[in-house]
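Shown next, in structure tokens, is the structure this report addresses.
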Amino acid sequence: KQWYQRRVRGLVISVASNVLISSFILYKLWKARSGKAYSNLPTVRVLMFPDGGYQCNYWTAGDCTHKDCTLLHHITNKTRLKQLLESAENSIDVCMFVLSCAVLLDALIEAHKKGVKVRIICDNMKISGSAYKIKDGGLDVRVDNSPATMHHKFMIIDRELLLTGSYNWTASGAAYNRENVLITDEHHVVEKYSGEMEKLWQKFEGSTEIRFEPYSSEAVIRNRFVHRQCDKS
């Protein structure tokens, strides 16, 4: 009888040990898989504007000595966009309605000088103010000269990181407008925007002439009249 009890006790201990070991191994495998899945989730960030002013270039360089300086002494979201441009290694695709911010244009030109492939698609009615800077910087640009408006506002870095939102690339917009930029590396979303970039790049092939076509005075007067009428209502 004692022999039988010892055998049963040994069998129970063996089974219990195997269950514990198996459970531990399964837990480790689950944890590893969970960690891997979590690490593969897309990165999503959001930049909200306005910055509330302009960043002090002297502060950025570390030597602002003006005690009454009214410029911003902290990193702005516009600067964060510039840093993302500077991080590009292979390519930057920009599809932007308004493109006039000197800080961001300079970052594109510097990336181009480093060998990064920079492509820009813009609207003919909103690019004329930056035309000479873009051309002198050697940037590859194609223009929508159609009657329709090229109203996209997105950028793709290294075909891996997408930035899109309401923000046009203007200095005053970053400083004072209520704008947003969403940043994501979610693959299928980046691919959708990359596909749109390629489609428009092909569509505007050969359309590299930037036309200087200001609104006619008659159109300006008409628009002002409409706005005044709206203000009265």
Taking the side chain as every heavy atom from C-beta outward, state whether F49 and R178 have any atom pair closer than 4.5 Å. no
message = Tell me whether the rings of W59 and H73 are parallel (<30°), tilted (30 to 60°) or perpendicular (>60°).
response = parallel
> Do S172 and N177 come within less than 4.5 Å of each other through their side chains, counting heavy atoms only?
Replying inline: no
Note: E86 and K114 closest approach over all heavy atoms is O-NZ, 3.4 Å
Practice prompt. Just do the salt bridge (Lys or Arg N to Asp or Glu O under 4.0 Å) check on K117 and D140 with the steps written out, would you?
Written response: CA-CA 9 Å; K117 183 179 180 181; D140 198 0; over 6 Å; no
Between the SG atom in C56 and the NE2 atom in H74, the distance rounded to the nearest 0.5 Å is 11.5 Å
Sidechain-backbone polar pair: R45 side chain, I183 backbone, donor-acceptor under 3.5 Å:
no
Practice task
Apply side chain to side chain contact (heavy atoms under 4.5 Å, CB included) to the pair T164 and V181, showing each step before the final yes or no.
Solution key: CA-CA 5 Å; T164 185; V181 174; over 6 Å; no
Test item: Q55 side-chain N/O and T76 main-chain N/O as donor-acceptor pair under 3.5 Å:
yes
Requested in this report: Report yes or no: do V98 and L81 belong to one cluster of Ile/Leu/Val/Met/Phe/Trp/Tyr joined by side chain heavy-atom distances under 4.5 Å?
Outcome: no
Steps toward side chain to side chain contact (heavy atoms under 4.5 Å, CB included) verdict (F154, L162): CA-CA 7 Å; F154 68 84; L162 167 70; 4.1 Å; yes
All heavy atoms of M150 vs all of D144, minimum pair found to be CB-OD2, 3.4 Å
Distance col, row N124:CG vs R142:CZ, nearest 0.5 angstrom, shows 16.0 Å
With heavy-atom distances below 4.5 Å as the criterion, would you say the side chains of I92 and L108 are in contact?
yes
When rounded to the nearest 0.5 Å, the distance separating CD1 of I157 from CG of D93 is 10.0 Å
One should read off an interatomic distance between E205 CD and Q202 CD, to the nearest 0.5 angstrom, of 5.5 Å
Note: H112 and L139 closest approach over all heavy atoms is CB-CD2, 3.6 Å
Query raised in the report: Any side-chain heavy atom of L85 sitting closer than 4.5 Å to one from M155?
Result: yes
In this structure, CG of N168 is separated from OG of S100 (nearest 0.5 Å) by 8.0 Å
Looking only at heavy atoms, the pair that brings V103 and K82 closest together is CG1-CD, 3.4 Å
Interatomic distance, OG1@T60 vs CD1@I75, rounded to 0.5 Å, equals 6.0 Å
Exercise. Is a donor on one side and an acceptor on the other found under 3.5 Å between the side chain of D185 and the backbone of L161?
Worked result: no
Note: A175 and P50 closest approach over all heavy atoms is O-CB, 3.1 Å
Would you please indicate if the ring centroids of F97 and Y167 are separated by under 6.0 Å? no
Exercise. Flag the pair V190 / S194 as yes when at least one side-chain heavy-atom distance between them is below 4.5 Å, and no otherwise.
Key: yes
Open item on the list: Donor-acceptor pair, distance only, cut-off 3.5 Å: does the side chain of D158 make one with the backbone of S91?
Closed with: yes
Is the side chain of N77 donor-acceptor paired with the backbone N or O of M48 at a distance under 3.5 Å, no angle test? yes
Contacts of E198 meeting salt bridge (charged side-chain N to carboxylate O under 4.0 Å, His left out) (sequence neighbours excluded), chain-then-number -> R119, R159
Linked, directly or transitively: F204 and Y193 (ILVMFWY side chains, under 4.5 Å): yes
Practice problem: For H152 and M96, run side chain to side chain contact (heavy atoms under 4.5 Å, CB included): C-alpha distance rounded to whole Å, both residues' side-chain angles, the deciding distance at 0.1 Å, then the answer. | Solution: CA-CA 6 Å; H152 280 314; M96 194 66 55; over 6 Å; no
Practice problem: Start with the C-alpha distance between L99 and I120, add both sets of side-chain angles, then the distance that settles side chain to side chain contact (heavy atoms under 4.5 Å, CB included), and finish with yes or no. | Solution: CA-CA 10 Å; L99 188 64; I120 299 172; 3.6 Å; yes
Closest heavy-atom pair, M197 versus V94, reported as atoms and distance to 0.1 Å, is CE-O, 3.9 Å
message: With heavy-atom distances below 4.5 Å as the criterion, would you say the side chains of W169 and K153 are in contact?
response: no
Review point. Mind checking whether V116 and L163 sit in one hydrophobic cluster, side chains of I, L, V, M, F, W, Y counted as touching below 4.5 Å?
Key: yes
query: Between S166 and N180, is there a donor-acceptor pair closer than 3.5 Å when you use the side chain of the first and the backbone of the second?
result: yes
* List the steps, then state whether side-chain hydrogen bond (donor to acceptor under 3.5 Å, both in side chains) holds for D123 with T149. => CA-CA 7 Å; D123 189 78; T149 299; 4.9 Å; no
